[in-house]
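Side chains are part of it too, since the values below use all heavy atoms of this structure and drop only hydrogens, waters and symmetry mates. Fair warning: this is a prediction, and the values are worked out from it, not measured in the lab.
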Amino acid sequence: WTIPGERLLLVVSLMSNTPDHFTVVDWSLHLPSPLKILTDVDHNDDIHNAAVSDGDELSLTFECTILKGAKGDDSEDPKLHVNLCDDNKKTLTLELPLDMNEFYLELLQTGIPKPIAEAKASLKLSAAEGLVG
């Protein structure tokens with residue numbers, strides 16, 4: 001559900017398709033309103049200075065929230081900026097557009113959120129089994 005005020009995780013996966021080796025220096029993600037990146041937890045700390053080779057896949061995870069009452073901002077597209085350093089200490093900057101149009105359209109629709117699926121469960125206390133929870 002895309003409910004204002006709720007948190008969500010946005011994962012961006014990148015795959016290397018070059019024979020050159022690179023080190024991930026840093027990155028930044030730009031998301032237009034109504035999404036806002038939360039900075040209280042860094043889910044990507046272990047990727048700093050990670051070596052990347054041909055065929056390697058990196059997944060960057062960002063915790064976000066949907067701003068309450070914010071209007072959509074279509075003046076800029078979502079982008080991921082990644083700075084890499086090669087074996088010769090040459091810096092390469094990638095500016096990668098993210099195709100999130102379908103997600104933003106869902107965010108901007110009005111109305112009450114509807115569940116996508118429903119799961120029913122019946123729980124019973126059993127002396128023969130351990131505690132639930």
For the backbone of [Y] and the side chain of [X], can you confirm whether one donor and one acceptor N or O come within less than 3.5 Å of each other?
{"X": "Thr65", "Y": "Glu6", "value": "yes"}
{"X": "Asp86", "Y": "Lys89", "value": "yes"}
{"X": "Asp45", "Y": "Asp42", "value": "no"}

Would you say that [X] contacts [Y] through its side chain, given a criterion of any heavy-atom pair below 4.5 Å between the two side chains?
{"X": "Leu58", "Y": "Ser13", "result": "no"}
{"X": "His43", "Y": "Leu9", "result": "yes"}
{"X": "Ser53", "Y": "Phe22", "result": "no"}
{"X": "Leu60", "Y": "Phe62", "result": "yes"}
{"X": "Trp27", "Y": "Leu84", "result": "no"}

List the atom of [X], the atom of [Y], and the distance in Å for their closest heavy-atom pair.
{"X": "Lys79", "Y": "Pro97", "answer": "CG-CA, 4.2 Å"}
{"X": "Cys85", "Y": "Val25", "answer": "CB-CG2, 3.8 Å"}
{"X": "Val82", "Y": "Leu14", "answer": "CG2-CD1, 4.1 Å"}
{"X": "Val11", "Y": "Ser59", "answer": "CG1-CB, 4.1 Å"}

Q) Do Lys90 and Asp20 pass the salt bridge (Lys or Arg N to Asp or Glu O under 4.0 Å) test, and can you show the C-alpha distance, the side-chain angles, and the key distance before you say yes or no? A) CA-CA 12 Å; Lys90 182 178 177 183; Asp20 299 325; over 6 Å; no
Q.
Ignoring hydrogens and geometry beyond distance, is a side-chain donor-acceptor pair present between Thr23 and Asn49 at under 3.5 Å?
A.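 Short answer, no.
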Q.
As a quick check of understanding, evaluate side-chain hydrogen bond (donor to acceptor under 3.5 Å, both in side chains) for Asn83 and Thr93, giving each step before the final call.
A. CA-CA 5 Å; Asn83 291 318; Thr93 300; 2.8 Å; yes
Q) Of the options Leu10, Leu8, Leu67, which is the one that meets Leu35 in a side-chain contact (heavy atoms from CB on, under 4.5 Å)? A)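 The option that passes is Leu8.
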Q: Would you indicate whether Glu102, at its atom CD, is surrounded by more than 12 heavy atoms from other residues, nucleotides or ligands within a distance under 6.0 Å?
A: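 Counting other residues, nucleotides and ligands, CD of Glu102 stays at 12 neighbours or fewer.
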